[in-house]
Amino acid sequence: MTEKALQARSEGKCELCGATDNLGVYAIPPASDGSADQSVLICSTCRNQIEHPEMVDANHWRCLNDSMWSQVPAVQVMAWRMLSRLRGEGWPQDLLDMMYLDDETRTWAEAESAGEADKIIHRDCNGAVLEAGDTVTLTKDLDVKGSSITAKRGTAVRNIRLVQDNAEQIEGRVDGQQIVILTKFVKK
């Protein structure tokens, strides 16, 4: 029943990117009742990237430039959530600044499950996801504050640790000294 209502509402297209293949109902967490009003019809590409944040291709989501203007609150919520997740890319922040949500819809959009909203993803200068224990290479000579050491470009930093509250910082050893390194200066 819900799928038929969503097919009619979306005219058989993904409500986020407009694709017509592999469509399915996505009940918007955290407390969707499964009704058409609290669900969207999306393609498998959008679903995979929503459910697996580490697989997000920011360029795929440029489609939100159109879908964010939908009159359907459920589509607005998903557009707002994805733009918020991608705001570090630059262009999503511009779209968020233009987007208008009424108070009820904004409250719903902000009610994303705590685990999803709080998950910090560390990415290197090329956008690759960094994991604890990875080996990275410095892409720039870095002066180490509080030391006379200069970490040279091309230096491998093994067994990195992720700074849990800051997606732009990792920790690693260079010349035997534990340092904090900005992710924009490393590549996997």
Side-chain angles (χ1 to χ4, degrees), residues 1-134 162 167-168 183 187-188:
M1 195 69 176
T2 300
E3 187 165 359
K4 282 186 178 181
L6 291 175
Q7 285 279 358
R9 179 175 84 192
S10 69
E11 299 174 352
K13 297 177 188 167
C14 174
E15 293 186 276
L16 299 177
C17 75
T20 56
D21 296 331
N22 301 318
L23 301 176
V25 175
Y26 180 76
I28 300 174
S32 174
D33 62 7
S35 70
D37 290 340
Q38 294 186 1
S39 303
V40 288
L41 189 69
I42 60 174
C43 66
S44 58
T45 302
C46 288
R47 177 184 298 275
N48 286 337
Q49 292 189 38
I50 289 168
E51 293 176 348
H52 304 285
E54 69 279 2
M55 296 174 52
V56 169
D57 172 14
N59 285 324
H60 171 78
W61 295 102
R62 290 190 182 269
C63 60
L64 296 176
N65 191 34
D66 296 325
S67 55
M68 69 184 241
W69 301 111
S70 172
Q71 297 301 308
V72 178
V75 176
Q76 293 173 348
V77 166
M78 288 311 300
W80 187 90
R81 287 183 181 179
M82 287 310 300
L83 289 170
S84 294
R85 188 183 290 180
L86 295 167
R87 70 171 22 125
E89 298 286 323
W91 60 266
Q93 184 62 53
D94 295 338
L95 296 180
L96 279 169
D97 292 343
M98 289 188 286
M99 192 172 186
Y100 171 78
L101 298 177
D102 62 42
D103 292 339
E104 187 178 323
T105 305
R106 179 170 291 279
T107 300
W108 181 18
E110 291 172 349
E112 187 169 18
S113 61
E116 268 184 62
D118 294 340
K119 187 171 182 179
I120 293 177
I121 298 174
H122 294 73
R123 295 183 183 277
D124 72 1
C125 65
N126 297 321
V129 175
L130 299 173
E131 302 287 340
D134 281 350
L162 307 178
E168 297 179 1
T183 56
K187 68 180 178 180
K188 202 167 179 178

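The structure presented is a predicted model; accordingly, all values stated were derived computationally and were not measured.
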SG on Cys14 to CD1 on Ile42, rounded to 0.5 Å: 6.0 Å

Charged N-O contact under 4.0 Å between Glu15 and Arg9: yes

Closest heavy-atom pair and its distance - Cys125, Lys187: SG-CB, 3.8 Å

Atom pair SG (Cys46) and CH2 (Trp61), whose distance is rounded to the nearest 0.5 Å: 3.5 Å

Asn59 and Arg62: side chain donor to acceptor below 3.5 Å: yes

Arg81 to Ala111 - nearest heavy-atom pair and separation: NH2-C, 3.9 Å

Interatomic distance, Gln38 atom CD to Trp108 atom CH2 [nearest 0.5 angstrom]: 5.5 Å

Residue Glu168 excluded, over 12 heavy atoms near CD under 6.0 Å: no

Neighbour count above 12 (heavy atom, 6.0 Å) for Lys188 NZ: yes

Contact check, side chains of Pro73 and Asp37, non-hydrogen atoms, under 4.5 Å: no

Straight-line distance of Gln49 CD to Met55 CE, nearest 0.5 Å: 7.0 Å

Heavy-atom closest contact (Leu16 atom, Ser67 atom, distance): O-OG, 3.1 Å

Closest non-hydrogen atom pair between Asn65 and Met68, with its separation: O-CG, 3.9 Å

Asn126 atom CG, over 12 foreign heavy atoms within 6.0 Å: yes

Spacing of Glu110 atom CD and Leu101 atom CG [to the nearest 0.5 Å]: 8.5 Å

Nearest atoms (heavy-atom pairs only) where Ser35 meets Thr2: C-CG2, 3.9 Å

Euclidean distance, Met82 CE relative to Cys63 SG, rounded to 0.5 Å: 9.0 Å

Within-4.5 Å side-chain heavy-atom neighbours: Asp134 and Glu131: yes

Derivation and outcome, side chain to side chain contact (heavy atoms under 4.5 Å, CB included), residues Ile50 and Met78: CA-CA 9 Å; Ile50 289 168; Met78 288 311 300; 3.5 Å; yes

Considering all heavy atoms, the nearest Ala74-Ile28 contact: O-CD1, 3.4 Å

Any residue meeting side chain to side chain contact (heavy atoms under 4.5 Å, CB included) with Ala8, in chain and number order, not counting sequence neighbours: none

Candidates Val40, Leu41, Leu23 - the one meeting side chain to side chain contact (heavy atoms under 4.5 Å, CB included) with Leu6: Leu41

